[in-house]
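One-based numbering along the sequence shown. What's counted below: heavy atoms across the whole structure, side chains too, no hydrogens, waters or symmetry copies.
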Amino acid sequence: MSACVPARADSARTKHIHPPHSPPPGGPRRFRLAGADVSAAIAVFLIALPLSLGIALATGAPLQAGLVAAAVGGIVAGRIGGCPLQVSGPAAGLTVVTADLIQRYGWRTTCAITILAGLAQLGLGCLRVARSALAVSPAIVHGMLAGIGVTIAVAQLHIVLGGTPQSSVPDNLVALPAQLANLHPADLAVSVLTLTLLLLWPRVPGRAGALLGKLPAALIAVAGATAVASLTGLLLPKVDLPSWSSHALATLPDGPVLGLLAAVLTTTLVCSVQSLLGAVAVDKLVTARPAPAGHVKRSNLDRELLGQGAANVVSGSLGGLPIAGVAVRSSANVAAGAVSRNSTMLHGVLVVIAALLMVPALELIPLASLAALVMAVGLKMVSLNHIRTVTRHREVLVYAVTTFGVVFLGVLEGVALGIAVAVGVALHRLTRTRITHDQVEGVHYVHVRGQLTFLAVPRLSRILHQVPPGADAAVELDGSFMDHAAYETLQDWQKTHTAQGGAVDITGRRPGTRISEPAEEDGCRCRPWTPWRNHQCERPPKAPPPDAHGQAATDGATGGTLAAATGPTAPGTRDTRDTRDTAGAPGAPHPLGASGAADGPNGHELARGISAFHRNTGPLMRRELARLAREGQQPSQLFLTCADSRVVTSMITSSGPGDLFVVRNVGNFVPLPGEESGDDSVAAAIEYAVDVLKVRSITVCGHSGCGAMQALLDAEHGGARTPLQRWLRHGLPSLERALPDLDARANEPEQEQRQEQKQGQEQEQGPEDGRSRPLLAGRGPVDAAERLCLANVVQQLEHLRAHDSVARALRAGDLELHGMYFHVGEAQSYLLSEDAEGGVFALVPTTDLTA
């Protein structure tokens with residue numbers, strides 16, 4: 001028995017040709033052509049036919065060469081290439097290069113150069129270096145295309161006027177006055193008609209425009225001009241397609257070796273870069289296409305380079321123009337709904353059929369009409385969108401130099417010049433570092449803007465030594481890179497300066513740039529992990545002088561009346577409270593100074609904070625804020641909370657611009673509607689949020705350590721004398737809910753012990769007055785102030801229900817009310833669960849948002 005035959009039929013080595021319990025395949029898979037590919041192929045064919053003839057005319061090549069390149073680009077590059085929906089063919093970006101080659105070496109040698117460029121592309125594809133072509137700066141690519149577009153437009157303008165273009169842009173510009181003096185009215189009329197149809201056809205209004213817009217404007221423009229020229233009998237130069245039997249093919253290259261090598265290099269570079277960038281652009285178009293009819297794979301750039309190389313070899317062998325990916329046809333292919341490479345290949349087949357069967361119709365097209373079409377394509381290559389993009393990225397110089405280099409020197413020379421300028425700009429940015437020194441209120445600020453490399457070390461050392469020994473200093477690093485030499489310079493200076501009794505704070509834009517942490521005794525609370533890490537640390541000012549009652553001034557959020565809740569700073573200790581918001585306190589200087597200029601400490605810090613926003617956060621948020629500016633605010637929640645500076649709504653709710661409609665006041669009060677001495681601003685905000693903004697929920701948020709609640713407990717309620725005391729009257733219902741017998745406790749101190757026992761019973765059985773007193777989950781309030789904070793949230797929710805707009809929305813089921821309590825010291829949030837008996841604020845659990 002042969003060793004190659006298994007001993008048993010059920011041997012483990014026996015492999016099933018098809019899966020078990022399924023019928024064997026019924027033969028080879030049949031070829032299927034999707035309807036979307038057919039319609040897309042027709043649309044691309046109608047665009048490619050006139051453009052191929054026009055580009056061939058612009059290069060001075062035989063007109064059949066454009067049709068050959070279109071057919072080969074569709075069939076060969078479409079079948080082998082790595083971008084299924086990119087359509088290849090004669091591209092406008094190759095017009096200048098090809099025209100120059102034809103004038104220098106003749107048409108047949110140009111075909112040989114196309115073959116060699118294709119072989120070079122095949123070699124690059126095998127080396128898998130396609131991604132390296134994307135390293136070319138977009139400013140250089142856009143500048144190259146703009147220069148080629150200007151060259152095309154200037155040359156075709158002579159044909160539009162009835163003349164013959166010269167060999168270069170300067171020669172065309174010099175000959176233009178004479179051409180204008182010797183116009184050919186028939187050529188000009190046909191060209192103007194072509195441009196008019198090309199411009200107005202996509203803008204036909206109404207339902208007719210929607211139907212007619214499916215026909216490409218380029219086809220309509222050329223067909224309309226051809227029909228008018230034929231019906232009026234105008235005598236014009238027209239398309240001449242000689243017999244295919246006399247079509248010129250490639251021959252051995254003839255010319256100087258260095259010149260031929262430069263020609264091959266230029267053709268390879270332009271074809272490859274344009275095709276690869278086009279493939280990337282097609283991927284973006286496919287991704288953005290709504291509801292694609294089928295899955296389209298992302299481009300394989302190395303395979304795309306192989307496909308382009310094979311297509312150029314075949315096109316050059318058959319006497320066709322050089323081939324590259326064409327943006328106009330590719331975008332039309334994607335927009336028409338193509339789902340596979342079959343659309344690209346079918347468009348090439350249609351070009352072959354047209355070249356064989358439609359020669360009499362093609363020979364009716366006036367050359368002036370094709371020239372006008374190509375001139376319009378050239379002008380579109382100078383894209384205003386590209387200019388705005390390079391301006392935004394500060395690469396206008398690279399773009400301009402490349403454009404003018406291509407126009408006046410040539411494509412290869414212009415690209416080389418653009419690369420040199422781009423490298424120079426990159427080196428300039430790397431070495432350009434601005435280091436400034438400023439002194440504000442005794443603190444020396446050293447601001448470093450740019451990359452901190454060894455080249456900037458001499459300037460950095462000179463500026464650092466301008467800081468006097470023993471002085472307070474802050475070094476601000478505004479850059480993304482610091483090399484070892486700069487790091488050691490900063491570190492050595494910091495150690496020396498600190499040893500001499502000075503204080504140094506080094507901060508940066510990104511975490512990790514702080515060389516050392518400031519000492520705790522400096523009172524600095526900034527840390528790199530905070531989202532607002534770019535605000536600057538300053539030594540806390542000395543404690544303010546006591547007032548007439550021996551108490552220190554407090555922050556402006558709760559006013560001087562609430563100072564008793566915290567008390568003065570103990571003697572001999574440093575005041576660690578945040579005193580940056582004390583501008584409104586009695587006796588505090590105005591933040592803008594007497595003249596309104598930001599010369600005070602608070603004003604200086606405000607300006608620096610705004611500057612940090614403009615530099616760091618603004619560029620990241622500009623697009624989102626621009627969208628909100630266009631669309632208007634559409635918040636989903638009204639968030640009503642206290643004005644306390646420690647309650648940062650966006651932080652504790654993880655929200656951003658446009659998410660919350662926030663109302664803040666001292667004590668998060670909601671005055672009852674129509675109440676005497678009420679506050680229409682809160683009622684107006686509620687009405688606007690519910691009736692106009694259509695918010696879906698309202699949240700009342702209290703917090704621990706609220707100064708307004710402590711003031712309610714400490715104040716005498718016999719009369720309201722100050723604005724703050726009048727405002728606190730809106731919290732009296734909350735006070736009655738939390739501590740209904742507060743007055744009895746105040747008048748009869750001996751009853752305090754019995755009252756505490758009674759409150760403990762009420763936590764288990766409920767209060768005697770039947771009103772719920774909310775609790776925190778797992779524990780009761782730690783003191784009367786916290787009990788009042790919780791009761792105040794519940795009470796303000798009841799006040800909300802009394803407002804007409806809220807009541808209507810609640811009845812309609814369009815609105816929800818929520819209570820929230822934020823414990824500042826624990827950084828924990830509690831939500832009111834009204835379903836629980838007595839009202840319980842439940843801790844919001846931490847969840848894994850990535851699960």
Derivation of the side-chain contact (heavy atoms from CB on, under 4.5 Å) call for Phe661 and Phe639: CA-CA 6 Å; Phe661 188 72; Phe639 199 86; over 6 Å; no

Is there a side-chain contact between [X] and [Y] in this structure, where contact means two heavy atoms from C-beta onward sitting under 4.5 Å apart?
X: His818; Y: Leu832; value: no
X: Leu693; Y: Gln633; value: yes
X: Gln710; Y: Asp714; value: yes
X: Phe669; Y: Leu728; value: yes
X: Asn668; Y: Cys701; value: no
X: Arg664; Y: Leu640; value: no
X: Tyr830; Y: Gln828; value: yes
X: Asn792; Y: Met709; value: yes

For Thr641 and Phe822, what are the C-alpha separation, side-chain angles and deciding distance, and is it a side-chain contact (heavy atoms from CB on, under 4.5 Å)? CA-CA 10 Å; Thr641 187; Phe822 178 67; over 6 Å; no

Any idea which heavy atoms bring [X] and [Y] closest together, and the distance?
X: Leu660; Y: Ser655; result: CD1-OG, 3.4 Å
X: Val666; Y: Trp727; result: O-NE1, 2.7 Å
X: Ser704; Y: Gly825; result: OG-N, 4.2 Å
X: Cys706; Y: Cys642; result: SG-SG, 4.1 Å
X: Gly656; Y: Asp659; result: N-OD2, 2.8 Å
X: Ile698; Y: Leu800; result: CG2-CD1, 3.7 Å

Quick one: does [X]'s side chain have a donor or acceptor within less than 3.5 Å of a partner on [Y]'s backbone?
X: Gln795; Y: Ala791; answer: no
X: His730; Y: Pro671; answer: no
X: Gln637; Y: Ser697; answer: no
X: Arg808; Y: His803; answer: no
X: Arg449; Y: Leu477; answer: no
X: Asp680; Y: Ala684; answer: no
X: Gln725; Y: Thr722; answer: yes

Sequence neighbours excluded, every pair satisfying salt bridge (Lys or Arg N to Asp or Glu O under 4.0 Å) that has a member inside residues 814-833: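 Non-adjacent pairs meeting salt bridge (Lys or Arg N to Asp or Glu O under 4.0 Å): zero.
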
Can you spot which of Ile686, Leu797, Asp691 makes a side-chain contact (heavy atoms from CB on, under 4.5 Å) with Val806? Ile686

Name of the residue among Val280, Val286, Asp283 meeting side-chain contact (heavy atoms from CB on, under 4.5 Å) with Arg298: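 It is Asp283, the one option of Val280, Val286, Asp283 that forms the side-chain contact (heavy atoms from CB on, under 4.5 Å) with Arg298.
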
Is there a side-chain contact (heavy atoms from CB on, under 4.5 Å) between Thr699 and Leu638? Walk through the geometry before answering. CA-CA 6 Å; Thr699 301; Leu638 166 60; over 6 Å; no

Find the distance between CG (Asp438) and OG1 (Thr436) and round it off to the nearest 0.5 Å. 7.0 Å

What is the distance from atom CZ of Arg630 to atom CG of Leu625, rounded to the nearest 0.5 Å? 11.0 Å

If we ignore angles and hydrogens, is there a donor and acceptor under 3.5 Å between the side chains of Gln796 and Ser734?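 Their side chains do contain a donor-acceptor pair, which is all the 3.5 Å distance test asks for.
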
Could you go through the side-chain contact (heavy atoms from CB on, under 4.5 Å) check for Ile652 and Met820 one step at a time? CA-CA 11 Å; Ile652 63 178; Met820 177 177 169; 4.0 Å; yes

Taking Glu798 first and then Arg737, would you say they form a salt bridge - that is, a charged N and a carboxylate O separated by under 4.0 Å?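 Judged by the 4.0 Å cut-off on N to carboxylate O distance, Glu798 and Arg737 do form a salt bridge.
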
Worked verdict on Glu624 versus Arg627 for salt bridge (Lys or Arg N to Asp or Glu O under 4.0 Å): CA-CA 5 Å; Glu624 176 65 13; Arg627 182 189 68 81; 2.5 Å; yes

